[in-house]
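Just so you know, these numbers use all the heavy atoms, side chains as well, and skip hydrogens, waters and symmetry mates. Keep in mind it's a predicted model, so treat the numbers as computed, not measured. Numbered from 1 within each chain, the chains take letters A, B, ... in sequence-line order.
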There are 2 protein chains.
Amino acid sequence: MIRTHKKEQYALRAMLELAKKSGKGPTKISDIAAAQAIPIRFLEVILSQLKASGFVDSKRGFYGGYYLLRPPDQITVGDVLRFMQGDEDPAHRVSCMSKKECPFNCDCAFVPMWTKLNKAVFKIYDETSFQDLLNIERRRH
Amino acid sequence: MIRTHKKEQYALRAMLELAKKSGKGPTKISDIAAAQAIPIRFLEVILSQLKASGFVDSKRGFYGGYYLLRPPDQITVGDVLRFMQGDEDPAHRVSCMSKKECPFNCDCAFVPMWTKLNKAVFKIYDETSFQDLLNIERRRH
DNA sequence: CCATTCTTGACTAAATAGGTCAACAAATAT
DNA sequence: ATATTTGTTGACCTATTTAGTCAAGAATGG
């Protein structure tokens with residue numbers, strides 16, 4: 001099993017929700033949480049972090065909430081995941097273990113496979129914009 | 001970050017070690033553990049589980065140990081990982097979360113992306129046989 | 001000034017990965 | 001035989017990480 005963290009999932013879903021409302025003013029955390037079935041307190045933390053990415057911004061007060069800073073076709077899943085994953089060595093985003101803890105110093109027969117995997121995975125992430133996701137959702141209804 | 005479990009890593013490494021010794025009789029758990037830097041008690045458990053896969057078998061006693069039941073070019077990384085991952089729904093080996101816990105019952109805009117990812121990842125796993133890994137290792141020396 | 005909403009860091013809970021152990025069973029050596 | 005080596009198995013432990021909560025405070029708009 002390979003599974004992304006819930007936190008990353010929630011970040012993607014929150015972004016999708018904001019993409020839906022793109023251009024319609026701020027969306028409240030509580031609305032995003034309800035729409036995407038995300039624990040609200042946790043979402044507060046996640047959105048707050050996401051602000052540093054430059055993809056979203058927020059406004060306080062009565063008509064406050066979060067909103068996208070770019071159109072949905074200019075943000076990809078890869079962008080968001082890379083940000084959520086921090087400054088991890090790009091070559092190790094998908095791998096056996098972090099370079100430090102590898103007893104073979106990441107010089108083993110499996111390395112080429114992990115490299116391939118890394119590229120294949122992020123190629124797909126990078127090819128998926130939030131506009132693409134919106135289109136998929138629309139086609140479903 | 002997407003990272004395979006240590007247990008799966010250890011299984012792959014143990015198999016690689018057995019591939020190296022393929023045709024040379026049984027290899028002791030302790031030797032595999034030493035060669036591949038795997039905690040021996042943990043490796044006992046892993047190899048024991050691997051027997052059920054049909055890729056390896058074991059022999060007890062003085063000249064005992066583990067050995068492959070097929071030549072290294074007839075076992076792939078995909079084979080081993082699929083086995084270690086159990087009877088997980090194939091479509092969810094790489095995904096956001098298990099079908100049960102998905103609040104949208106796995107019917108959301110992200111599904112096509114996870115499906116693509118799943119296929120891409122296992123394509124690479126399935127294309128990598130232990131003979132391939134041995135060849136890589138030989139080329140390195 | 002009041003209601004609403006985001007902000008932030010500290011905190012806690014729960015899950016699971018990762019690892020350990022010990023008593024036992026089988027094979028071989030002598 | 002029997003001592004030694006080696007695999008078998010299920011129960012057990014625990015450190016880490018993920019996941020989630022909270023509360024006091026700071027903007028914002030009415």
Between A:Gln36 and A:Leu43, is there a side-chain heavy-atom distance shorter than 4.5 Å?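 Sidechains of A:Gln36 and A:Leu43: no contact.
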
Is there a donor in the side chain of A:Thr76 and an acceptor in the side chain of A:Asp79, or the other way round, less than 3.5 Å apart?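 Their side chains do contain a donor-acceptor pair, which is all the 3.5 Å distance test asks for.
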
Donor-acceptor pair, side chain of [X] and main chain of [Y], under 3.5 angstrom:
| X | Y | answer |
| --- | --- | --- |
| B:Arg70 | B:Gln74 | yes |
| A:Asp132 | A:Ser129 | yes |
| A:Ser53 | A:Gln49 | no |

Which atoms of nucleotides 14-18 of chain D (N or O only) lie under 3.5 Å from a protein N or O atom, and what are those distances?
| residue | atom | partner | partner atom | Å |
| --- | --- | --- | --- | --- |
| D:dT18 | OP1 | A:His5 | NE2 | 3.3 |

Answer yes when [X] and [Y] have at least one side-chain N-carboxylate O distance shorter than 4.0 Å, and no when they do not.
| X | Y | result |
| --- | --- | --- |
| A:Lys123 | A:Glu127 | yes |
| B:Asp126 | B:Arg82 | yes |
| B:Lys20 | B:Glu17 | yes |

Picking from B:Val56, B:Asp57, B:Thr27, what satisfies side-chain contact (heavy atoms from CB on, under 4.5 Å) with B:Tyr67?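 Running side-chain contact (heavy atoms from CB on, under 4.5 Å) over B:Val56, B:Asp57, B:Thr27 with B:Tyr67 returns exactly one hit, B:Asp57.
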
What heavy-atom pair brings A:Leu18 and A:Tyr66 nearest, and what distance separates the two atoms?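 Here A:Leu18 and A:Tyr66 meet closest at CD2-O, 3.4 Å.
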
For A:Ile124 against B:Ala120, the heavy-atom pair lying closest together: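 Here A:Ile124 and B:Ala120 meet closest at CD1-CB, 3.8 Å.
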
[X] has an atom [atom1]; how far is it from atom [atom2] of [N], in whole Å?
| X | N | atom1 | atom2 | value |
| --- | --- | --- | --- | --- |
| B:Lys28 | C:dT28 | NZ | P | 13 Å |
| B:Arg13 | C:dG18 | CZ | C1' | 16 Å |
| B:Met84 | C:dA17 | CE | P | 12 Å |
| B:Ile46 | C:dT20 | CD1 | C1' | 13 Å |

Side-chain N or O of A:Tyr10 less than 4.0 angstrom from OP1 or OP2 on D:dA19? no

Is there a side-chain polar atom (N or O) of B:Lys7 under 4.0 Å from OP1 or OP2 of C:dG18? no

Close approaches to DNA chain D from residues 49-66 of chain A, in residue order (heavy atom, under 4.0 Å):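 Heavy-atom cutoff 4.0 Å gives A:Lys59, A:Arg60, A:Gly61, A:Phe62, A:Tyr63.
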
Which residues in residues 31-45 of chain A have at least one heavy atom lying under 4.0 Å from any atom of DNA chain C? A:Glu44

